[in-house]
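By convention in this document, chain letters (A, B, ...) are assigned in the order of the sequence lines, proteins followed by strands, and residues within each chain are numbered from 1. Side chains are part of it too, since the values below use all heavy atoms of this structure and drop only hydrogens, waters and symmetry mates. The model shown is predicted, which means the values in this text are computed figures rather than measured ones.
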Amino acid sequence: MAEKTVPATVSNGGSNGGQTNGGNREMTRASERYAPPPVDIYETPNSLVLLADMPGVPKENLEVRVDQNTLTIQGKAQHLVKGEPIYREIELTGFFRQFEISEEIATDKINAELKYGVLSLNLPKSEKAKPKKIDVKVS
Amino acid sequence: MNQSPAVDEVEMLHREIDRAFDDFLPMEPFLRKAFLPGRLARAYPLINLHGDKDNLYVEAVAPGIDPESLNLTVVRNDLTISGEKKRLPGDIKPEMFHREERATGKFVRTITLPVEIDDNKISAEYKNGLILITMPKSEKAKPKQIQVQVS
């Protein structure tokens, strides 16, 4: 599963990477900015499993789509804390990440679940990609 | 006025260092925090502290925590959040991993709150990977209106 995230996705103020405009050193950013969520991807005999940490993203703000061979994970995080800010360490942004998936994934059977801010995707392998056991006959 | 005890000297120094590194590590702040284990050990989960007239609110960003393991304690002004983010089941062989970026493990963090709170009425919720804690201020800490007599 190759990374496919386009570096500067949806950003109004400059590119994603180099925050070169020295004045903006705060961790706050415009709502249009996106960060790639950290992921774990592992393989089981029948499928690929992807786990992505997406804190603050409610189900209705999450979008998982497969377009041709590109898997896109996108979500908009929401702060739930009430009141006036006293001290802030983290600004939740949107999440955006893309992966290139091979044709060996049965894209119509992808299963997604969101629990405790973690997205789990189950990407089943198509029949022909599953490992086959070959019996060795002893004669 | 804006000075909160949560930002102590050491924290300020850490921030200075982080800022100095900002120019060299052009990554998103969220990811940068998630990737450097030393920093993660220093402050996890990251929190936002809010407040109004009656309550203090803490929002801690901690996705994928087993809610059973979450533990909140308050001693005077110190709020301690501890818990464990479970590793993936051990039966996955290392060679089966394509990517392993999510941090796991036990954590503990203590935050010194700026005012005294009523520790009998604290409530907490775990939603979308955010720990949301509501702490009523103790009566002593609430602002009192004082009438000014005009003579």
Report yes if the distance between the aromatic ring centroids of B/Tyr126 and A/Tyr116 is under 6.0 Å, otherwise no. yes
Assess the residue pair A/Glu104 and A/Ser126 against the criterion (side-chain hydrogen bond (donor to acceptor under 3.5 Å, both in side chains)); give the C-alpha distance rounded to whole Å, side-chain angles, the decisive distance to 0.1 Å, and a yes or no. CA-CA 5 Å; A/Glu104 287 162 2; A/Ser126 64; over 6 Å; no
When heavy-atom pairs shorter than 4.5 Å are enumerated against chain A, which of B/Asn128, B/Ile65, B/Asp66 gives the highest number? B/Asn128
Applying a strict 4.5 Å limit to non-hydrogen atoms, the region of B/Lys127 in contact with chain A is both
Engaged part of A/Leu48 at the chain B interface, taking heavy atoms whose separation is under 4.5 Å: side chain
Pairs meeting criterion ring-ring contact (aromatic ring centres under 6.0 Å, His included) with involvement of residues 61-100 of chain B, two or more places apart: A/Tyr42-B/Phe97
With sequence neighbours left out, what residues match B/Lys137 under salt bridge (charged side-chain N to carboxylate O under 4.0 Å, His left out)? none
Which of the residues A/Lys115, A/Gln78, A/Glu43, A/Met54 is involved in the greatest number of heavy-atom pairs with chain B at under 4.5 angstrom? A/Glu43
Need one label for B/Ile133: side chain, backbone, both or neither, based on atoms under 4.5 Å from any heavy atom in chain A. neither
B/Asp78 and B/Thr112: side chain donor to acceptor below 3.5 Å: yes
Name the region of A/Val39, side chain, backbone, both or neither, that has any atom closer than 4.5 Å to a heavy atom of chain B. both
Please determine, by modelled atom types, if A/His79 and B/Glu59 share a side-chain donor-acceptor pair under 3.5 angstrom. yes
Look at B/Leu132, B/Asp52, B/Thr134 and state which one has the largest set of heavy-atom pairs under 4.5 Å with chain A. B/Leu132
I'd like to verify something: which residue of B/Glu95, B/Glu100, B/Met96, B/Arg99 has the highest number of heavy-atom pairs under 4.5 Å with chain A? B/Arg99
